[in-house]
Every structure is written in C-alpha cells, then in structure tokens.
Amino acid sequence: MPSRRPVRVRMSVRSRVRVLALTTATGALLATASACAPEPAPPTPSTPPVSAASPTPSAAGAPVLADFPFAPSESTTPLPDDCRAILTESVLSELGDVPLNAPGMGGGIRPDSTRVCAWGEPGAAGTWLVTRIGFSPFRAASDALYELGREGFTCYEPGGGIRCERTWPHETLPVTQGRTVYYRDGIVIDTQYSNLAPAGYTNAIIASMWPAGGAPRPSPSPSTP
C-alpha cells in the first residue's frame with residue numbers, strides 16, 4: 001500500500017486575515033457572553049483617584065500654575081539669583097510689603113535650576129504673583145508659545161524675544177488674573193498672577209537680564225505686568 005505524504009495547506013495573506021478576523025470576532029463574542037454574568041461589585045475606594053494630568057502646586061498653599069516646558073537648553077544668559085535685584089524701584093514700591101517666597105509658596109531654586117519668585121501669602125487665592133525663570137529648548141518653547149496664541153494670548157516680538165500675554169476674570173472672585181510669558185536665548189520668564197500686576201514688572205526683568213539694548217517696547221496691554 002503506497003505511503004501517504006502529509007498535505008500542507010497553504011493560506012494566502014487574505015485567507016489569514018479572514019481567519020484572524022473570525023477568531024477575533026469569536027473571542028469578542030465569548031468575552032461579551034462572560035461579561036453578562038453577574039460579578040460582585042468592586043469595593044468603593046475611600047478616596048477618589050487623582051488624575052495624572054491634573055496640575056498640582058509645587059507646595060502646600062501655593063497657587064496652581066499652568067505648565068511650560070522647562071528643560072535644559074543652550075543659552076548665553078545667566079539665570080538671576082535675586083528676585084528683588086531684577087526689579088526696578090517703582091515695581092518694588094508697588095509690591096510694597098507683599099511677602100516674597102514665604103514658606104508654602106513654592107519659591108526658591110528648583111532642582112532643574114529654575115528660579116521661582118513667589119509673591120503673596122500661602123493660601124491667598126485672590127492675590128498672588130509667581131514668576132518662573134528657567135531654561136527651555138527652542139522647539140518645545142516655540143510649540144508652547146504657539147498654543148498660547150491659539151488660546152487667545154496676544155503674542156508679539158519685542159527686544160529680540162517672543163512675548164505672549166493675556167488677562168481674564170477670576171472664576172469666583174471680583175479680581176483679574178493673567179499670565180505673561182517671555183522667551184529669549186533659551187530662557188523663559190513665565191509670570192502668572194491674580195490681583196497683583198505691578199506696572200512694568202516683566203519689562204524690568206527683561207531689562208535686568210538683557211541690559212545691552214534689551215529693553216523691550218511697552219506692552220500693548222497696560223493691564224498686564
């Protein structure tokens with residue numbers, strides 16, 4: 001009796017796709033059927049989970065700030081070491097006795113070398129001003145500034161840099177909040193504030209960091225610092 005050779009079944013790519021689709025559909029049907037079976041309700045957690053995307057303050061009682069891509073970048077400009085030294089006498093006069101870097105406000109120097117100048121009392125939701133000065137790579141900063149423009153910020157190019165600013169009313173209090181961002185030479189000056197906007201605040205910082213012809217033209221929005 002002649003021996004039988006095993007028959008090999010060759011499947012085309014299209015046939016394989018059909019088999020895979022049939023297998024997937026069958027698996028989905030079985031999963032649906034098993035899902036209909038009653039299961040015990042999961043225990044209710046004692047505290048709700050916190051979304052990873054939710055912004056969080058840098059310290060207890062500190063204002064919650066919008067993000068900006070701070071990261072190492074190439075720059076020829078040194079970061080400041082003194083939050084008062086970068087301001088003019090007129091700006092300091094407007095700030096008056098508002099506390100600077102009070103405990104709980106998140107001020108100081110961060111591990112990534114970003115300088116944080118926090119003006120205000122911890123937990124004072126209505127009146128505060130926080131400036132972050134740090135490095136930011138050009139591509140990431142450009143993308144972030146572009147998004148600010150899409151969100152309604154007024155953006156222009158004063159004194160060799162890019163500046164975006166906007167103000168809006170507080171959600172619950174009768175005060176104005178705002179944000180002014182200035183980017184130049186791999187460094188960003190990001191100021192966010194509520195009911196505390198000294199005239200010429202950002203211009204003073206820019207002139208201090210880039211004194212040789214770095215004074216920008218006046219802001220088109222007088223209400224922004």
Side-chain angles (χ1 to χ4, degrees), residues 49-58 62-77 79-80 86 105-107 110 112-120 125-210 214-225:
V50 179
S51 171
S54 301
T56 55
S58 57
V64 177
L65 304 177
D67 292 332
F68 199 88
F70 289 92
S73 66
E74 295 182 1
S75 178
T76 60
T77 304
L79 297 177
I86 56 178
M105 284 293 288
R110 295 183 175 177
D112 65 355
S113 77
T114 298
R115 274 57 169 169
V116 182
C117 302
W119 299 84
T127 302
W128 52 267
L129 182 153
V130 178
T131 296
R132 296 176 295 177
I133 306 175
F135 298 109
S136 183
F138 177 78
R139 179 62 61 86
S142 298
D143 291 344
L145 293 169
Y146 175 77
E147 288 301 321
L148 290 180
R150 288 169 55 88
E151 294 173 8
F153 281 68
T154 299
C155 298
Y156 57 102
E157 300 181 16
I162 302 174
R163 178 168 175 161
C164 294
E165 53 193 19
R166 180 188 172 202
T167 61
W168 57 87
H170 192 283
E171 293 182 355
T172 58
L173 301 175
V175 299
T176 298
Q177 295 186 311
R179 184 182 186 186
T180 299
V181 180
Y182 181 81
Y183 181 77
R184 178 176 175 178
D185 189 29
I187 289 179
V188 63
I189 303 170
D190 184 0
T191 298
Q192 302 177 45
Y193 58 93
S194 176
N195 196 39
L196 186 60
Y201 178 88
T202 299
N203 286 354
I205 299 176
I206 296 172
S208 174
M209 295 184 63
W210 294 280
R217 64 181 175 83
S219 166
S221 302
S223 60
T224 60

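- Each of L129, T127, V130 was compared with W119 under the side chain to side chain contact (heavy atoms under 4.5 Å, CB included) criterion, and only L129 meets it.
- Minimum interatomic distance between V175 and G126 (heavy atoms only, all atoms of both residues): CG2-O, 4.0 Å.
- Side chain of T114 to main chain of R110: no donor-acceptor pair is present (N/O by atom type, distance under 3.5 Å, no hydrogens or angles).
- Across every non-hydrogen atom of R115 and P80, the tightest pair is NE-O, 2.8 Å.
- Residues V181 and I189 are not in side-chain contact: their nearest non-hydrogen atoms beyond the backbone lie 4.5 Å or more apart.
- The side-chain heavy atoms of I86 and I133, taken from C-beta on, include a pair separated by under 4.5 Å.
- Smallest separation of non-hydrogen atoms from Y183 and A141: CE1-CB, 3.5 Å.
- Between the CZ atom in R150 and the SG atom in C155 there is a gap of 12.5 Å [rounded to 0.5 Å].
- W128 places a side-chain heavy atom less than 4.5 Å from the side chain of Q177.
- Using a 4.5 Å cut-off on side-chain heavy atoms (C-beta onward), P158 and Y182 make contact.
- Interatomic distance, CG of D185 versus OG of S136, reported as 12.0 Å (0.5 Å rounding).
- Side-chain contact between E74 and P137 is absent, with no heavy-atom pair separated by less than 4.5 Å.
- Results of the side-chain hydrogen bond (donor to acceptor under 3.5 Å, both in side chains) test with R163 over N203, T180, T154 single out N203 as the only residue that passes.
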| said: With side chain to side chain donor-acceptor pair (under 3.5 Å) as the criterion, how do W168 and T176 come out once you've worked through the C-alpha distance, each side chain's angles and the decisive distance to 0.1 Å? | reply: CA-CA 6 Å; W168 57 87; T176 298; over 6 Å; no
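- To the nearest 0.5 Å, atom OG1 of residue T76 and atom CH2 of residue W210 are 9.0 Å apart.
- Shortest non-hydrogen contact noted between G106 and V116 is O-CG1, 3.4 Å.
- Between I162 and R184, every side-chain heavy-atom pair lies at or beyond the 4.5 Å cut-off.
- Considering all non-hydrogen atoms of both residues, S194 and H170 come closest at OG-CD2, 4.1 Å.
- Side chains of Y201 and T131: a donor on one and an acceptor on the other come within 3.5 Å.
- At least one side-chain heavy atom of S113 sits less than 4.5 Å from a side-chain heavy atom of F135.
- Between R179 and F68 there is a side-chain heavy-atom pair separated by less than 4.5 Å.
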| message | Checking T167 against Y193 for the side chain to side chain contact (heavy atoms under 4.5 Å, CB included) test, could you report, in this order, the C-alpha distance in whole Å, the side-chain angles of both residues, the deciding distance, and whether it holds? | response | CA-CA 9 Å; T167 61; Y193 58 93; 3.3 Å; yes
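- Of all non-hydrogen atoms in M105 and P63, the two that sit nearest each other are CE-CD, 3.8 Å.
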